[in-house]
Amino acid sequence: MQAILGGGISGLSAAHYLLKSGSNAKVLLFEGGGRVGGWIWTAKQKNGLLFEQGPRTIRPRFETGLNTLRLVEELGISNLVTGIPSSHPTAKNRMIFVNGKLHALPSSLPQIFLRQAPFSKPLAAALLHDMKAAKKTLDDESIYSFVERRLGRELAEYAISPMICGICAGDAKEISVKFLMKSLFEWEQTHGSITKGLLATAWKNRQKIWSKSPSASLTNLDLASKAKQEKWSVWSLKGGLEVLPQTLLKSIQSQGAEVELNSCCSQIDFNKDGALLTIGNKKIQAKNVISTVPAQRLALLVERQHPILSRELSKIPCVTVAVVNLAFKGKVLNYNAFGFLIPPSENKPILGVIFDSCSFPQEDFTVLTVMMGGHWFESRLGPSPSTKSILNTAVDNVRSILKISDEPCDHHVSVLKDCIPQYIVGHYERVERIRDYIRKHKLPLFLAGSSFDGVGVNDVIFSAKKAALMAL
Ligand SMILES: Cc1cc2nc3c(=O)[nH]c(=O)nc-3n(C[C@H](O)[C@H](O)[C@H](O)COP(=O)(O)OP(=O)(O)OC[C@H]3O[C@@H](n4cnc5c(N)ncnc54)[C@H](O)[C@@H]3O)c2cc1C
Ligand SMILES: C=CC1=C(C)c2cc3[nH]c(cc4nc(cc5[nH]c(cc1n2)c(C)c5CCC(=O)O)C(CCC(=O)O)=C4C)c(C)c3C=C
């Protein structure tokens, strides 16, 4: 029997790939909570509005993006996909809030030669800075320090720091450049600067953006061709992204997988037959375990037998994000953009706002999502802020920054506890040590999920596929 821990998108995908492989082994998935989908969660309001709590868009590109499109096709829900082309205003218009004002970030090549506030020089000047900056040989470094050193402080402050908030709600001064911007890090190490590395690889990769795929079969996909033809920047699903885990659930159950909800695993004991799982007061013997639970949770499950492994796993932290969805009657926004992010140096209680209805209109409503907390949850929102204070802070900030005089007609507040892992400096080596330990001790344990190989939906589905193929 193959056991899977966690019923988020990773666990469900792992089950899908195990079943797809044609192996006859029984697949049993244990989910600690009362629903599947994990952080993919679309709240359906009484008035029919859809409020995404976690992810809302998925990138279609590269091997991992094409793999997700293939999964969508396999599930028979291609007709629900809505692609946003790169020419769409929300793909082009991304903003930052600095010194009390919203500023558009450059979105085309010519714009990098113009000076645009809040930057004091054209962005192209950063490339000259990079050409002149001495190479530093390092094992890893924070993204902030890397960008500040190579491209200058303004880029680190106003472009990279907010971008890191918009990927992992984290502090760029702690996040690993080697993990999150591997190419840029390697370009300095191998070519001496980002610019030289960029030029050296630009021509080589020019034609590959859409064709990077592990097998020929991936290139003939209808959805991939459509995404390529229509130059999608991101996509989502009609009915909300939660349709993806819900469809996966039905599909794996129809193929014989058993999914047990409210079944939290509290211990894994490895033995000669595989792994003995403690689920509530039951003991379940499995041949293999695919774990998709956060690293710090897994650390507790293996602690008794494998304290060294447990210690490494426990050092991959997560942060908590407060999500406030707001709806206003009619069109109240003066912008047509993806949204805006706020550099941490601005010391604002919110991290940024996504303009959902600009990408995916919902009748005659303006729908926005305010994200708060992350690395700064306690310091900016207090130790356990009430729902009311989170809502008030979100509404006050949105109305003052976006100059909206109306009151929202609907809202939803949720606090996503420890929802997003932080790939801090040294993450790459830590994950290698974890995998080496598992290999060396021949543990029938296969790791997937956002704690290890990437935080995007594409990354975790791909990690689940790799784990499932290894567990066969
Ligand atoms: C606010 C936010 C915005 C995001 N935006 C985007 C985006 O725009 N695009 C994008 O691509 N990605 C985005 N992401 C990232 C993406 O949503 C996640 O990385 C992905 O959903 C993680 O899926 P998972 O299955 O690996 O983990 P999870 O969703 O965390 O699922 C793990 C499951 O394991 C269960 N579990 C935990 N412990 C146990 C146990 N001991 N026993 C059994 N079950 C257990 C949990 O209940 C949970 O259901 C966002 C994430 C957040 C939080
Ligand atoms: C513009 C405002 C944005 C806010 C606010 C925001 C918050 C936020 N995002 C995540 C996690 C992820 N976001 C991802 C993609 C993504 N996020 C934004 C913008 C905001 N995010 C954009 C424009 C995109 C699309 C990607 C792109 O086109 O560049 C992802 C996926 C990244 C990937 O590798 O595909 C994640 C993960 C959190 C936790 C968060 C909370 C503050």
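Counting starts at 1 for both ligands and their atoms, in listed order. Heads up: numbering here begins at 1 and tracks the sequence.
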For ligand 1, which atoms have a heavy atom of Gly449 less than 4.0 angstrom away? 26 (O)

Output yes when a side-chain donor or acceptor of Asn288 lies under 3.5 Å from a complementary backbone atom of Phe446, and no otherwise. no

Look at the rings of Phe355 and Tyr335 and say which category their plane angle falls in: under 30° parallel, 30 to 60° tilted, over 60° perpendicular. tilted

If the cut-off is 4.0 Å to any non-hydrogen atom of Phe30, which atoms of ligand 1 fall inside it? 43 (C), 44 (N)

Checking side-chain polar atoms at under 3.5 Å, does Arg56 have a donor or acceptor matched by the opposite partner on Thr369? yes

So which heavy atom in the protein is nearest atom 31 (C) of ligand 2, and how far is it from that ligand atom? Gly456 CA, 4.2 Å

Suppose I only count heavy atoms of Ser263 and a 4.0 Å limit; which atoms of ligand 1 are within that range? 43 (C)

Would you mind telling me if ligand 1 is within reach of the side chain of Ile420, the backbone, both or neither, using heavy atoms under 4.0 Å? side chain

Please indicate whether any nitrogen or oxygen in Thr57 is less than 3.5 Å from any nitrogen or oxygen in ligand 2. no

What protein heavy atom lies closest to atom 2 (C) of ligand 1? Include the residue and the distance to one decimal. Gly54 CA, 3.8 Å

With atom 7 (C) of ligand 2 as the reference point, say which of Met371, Met163, His375 has the nearest heavy atom. Met371

Got an N/O contact under 3.5 Å between Ser10 and ligand 1? yes

Heavy-atom contact check, 4.0 Å cutoff: does Ile58 meet ligand 1? no

Look at the aromatic rings of Phe97 and Phe340 and report parallel, tilted or perpendicular, splitting at 30° and 60°. tilted

Who gets closest to atom 46 (C) of ligand 1 by heavy atom: Gln267, Arg59, Glu31? Glu31

Rounded distance [0.5 Å steps], CG in Leu180 versus OH in Tyr428: 12.5 Å

Can Lys226 and Glu73 be counted as an ion pair, charged N to O under 4.0 angstrom? no

Just go through Leu241, Val234, Thr369, Thr292 and tell me whose heavy atom is the nearest to atom 27 (O) of ligand 1. Thr292

Do Arg59 and ligand 2 have an N or O pair less than 3.5 Å apart? yes

Ligand 2-proximal atoms of Val353, by part, heavy-atom distance under 4.0 Å: backbone

Check: Ala471 main-chain N/O paired with Gln2 side-chain donor or acceptor under 3.5 Å: yes

For Cys165, atoms of ligand 2 separated by under 4.0 Å from a heavy atom: 8 (C), 40 (C), 41 (C), 42 (C)

Taking only non-hydrogen atoms of Ser450 and a 4.0 Å limit, the atoms of ligand 1 in range are 19 (O), 26 (O)

Can you list the atoms of ligand 1 that are under 4.0 Å from a heavy atom of Val455? 15 (C), 16 (C), 18 (C), 19 (O)

Ligand 1 and Ile9, any nitrogen or oxygen pair closer than 3.5 angstrom? yes

Ligand 2 atoms nearer than 4.0 angstrom to some heavy atom of Leu351 are 42 (C)

Backbone or side-chain N or O of Thr57 under 3.5 Å from ligand 1 N or O: yes

Take a 6.0 Å sphere around CE of Met1 and say whether it holds more than 12 heavy atoms from other residues, nucleotides or ligands. yes

Would you check if there is a donor-acceptor pair between the side chains of Ser314 and Gln296 at a distance under 3.5 Å? no

Between Tyr158 and His103, does any side-chain donor sit less than 3.5 Å from a side-chain acceptor? no

Cys419, Pro55, Ser291: member with heavy atom nearest to atom 53 (C) of ligand 1: Cys419

Polar proximity ligand 1 side, Arg297 side, N/O cut 3.5 Å exclusive: yes

Lys403 and Asn334: side chain donor to acceptor below 3.5 Å: no

Taking atom NZ as the centre, does Lys101 end up with more than 12 heavy-atom neighbours from other residues, nucleotides or ligands that are less than 6.0 angstrom away? no

Under a heavy-atom criterion of less than 4.0 Å, does Ser463 contact ligand 1? no

Any N/O of Gly11 closer than 3.5 Å to an N/O of ligand 1? no

I'd like to know if the side chain of Lys283 pairs up with that of Thr278 as donor and acceptor (distance under 3.5 Å, no hydrogens or angles considered). yes

For atom 36 (C) of ligand 2, what's the nearest protein heavy atom and its distance? Ile167 O, 3.6 Å

Nearest neighbour in protein (non-hydrogen) for atom 19 (C) of ligand 2: Phe338 CE2, 3.4 Å

Taking 4.0 Å as the limit for heavy-atom contacts, which would you say applies to Ser266 with ligand 1: side chain only, backbone only, both, or neither? neither

Minimum distance, heavy atoms only, to atom 3 (C) of ligand 2: which one of Ile420, Ile350, Leu368, Ile354 is it? Ile354

Would Cys265 count as being in polar contact with ligand 1, using the rule that some N or O on each side must be under 3.5 angstrom apart? yes

Between the side chains of Arg430 and Asp140, is the shortest nitrogen-to-carboxylate-oxygen separation below 4.0 Å, so that they form an ion pair? no

Those atoms of ligand 1 less than 4.0 Å from some heavy atom in Gly8: 25 (O), 31 (O), 33 (C), 49 (O)

Where's the contact between Trp39 and ligand 1, heavy-atom distance under 4.0 Å: side chain, backbone, both or neither? both

Closest approach of any protein heavy atom to atom 28 (O) of ligand 2, naming residue and atom: Arg94 NH1, 3.2 Å

Just need the protein heavy atom nearest to atom 25 (C) of ligand 2, so name the residue and atom and give the distance. Val234 CG1, 4.3 Å

Quick one: does Ser13's side chain have a donor or acceptor within less than 3.5 Å of a partner on Ala464's backbone? no

Contact between Val293 and Leu298 at the side-chain level, heavy atoms closer than 4.5 Å - yes or no? yes

Provide the number and element of each atom of ligand 1 under 4.0 Å from a heavy atom of Arg56. 8 (O)

May I ask you to check whether over 12 heavy atoms, not counting those of Lys250, lie within 6.0 Å of atom NZ? no

How many angstroms lie between atom CD1 of Ile4 and atom CZ of Phe30, to the nearest 0.5 angstrom? 10.0 Å

Residue-ligand contact Gly374/ligand 2, heavy atom below 4.0 Å: no

Is Val460 in polar range of ligand 1, meaning some N or O pair under 3.5 Å apart? no

Per atom 6 (C) of ligand 2, closest listed option by heavy atom (Gly352, Gly166, Ala169): Gly166

N/O to N/O below 3.5 Å, does that happen between Ile40 and ligand 1? no

Close N or O approach (Gln53, ligand 1; < 3.5 Å): no

Under 4.0 Å from a heavy atom of Gly32: give me the atoms of ligand 1 that qualify, with their elements. 43 (C), 44 (N), 45 (C)

Measure up the Phe185 and Phe146 rings against each other and bin them: parallel (under 30°), tilted (30 to 60°), perpendicular (over 60°). tilted

When you check the side-chain N and O atoms of Gln362 and Asp356, is any donor under 3.5 Å from an acceptor? no

Modelled atom types, side-chain donor and acceptor of Asn325 and Gln53, under 3.5 Å: yes

Examine the side chains of Tyr144 and Glu174 and answer whether a donor and an acceptor come within less than 3.5 Å of each other. no

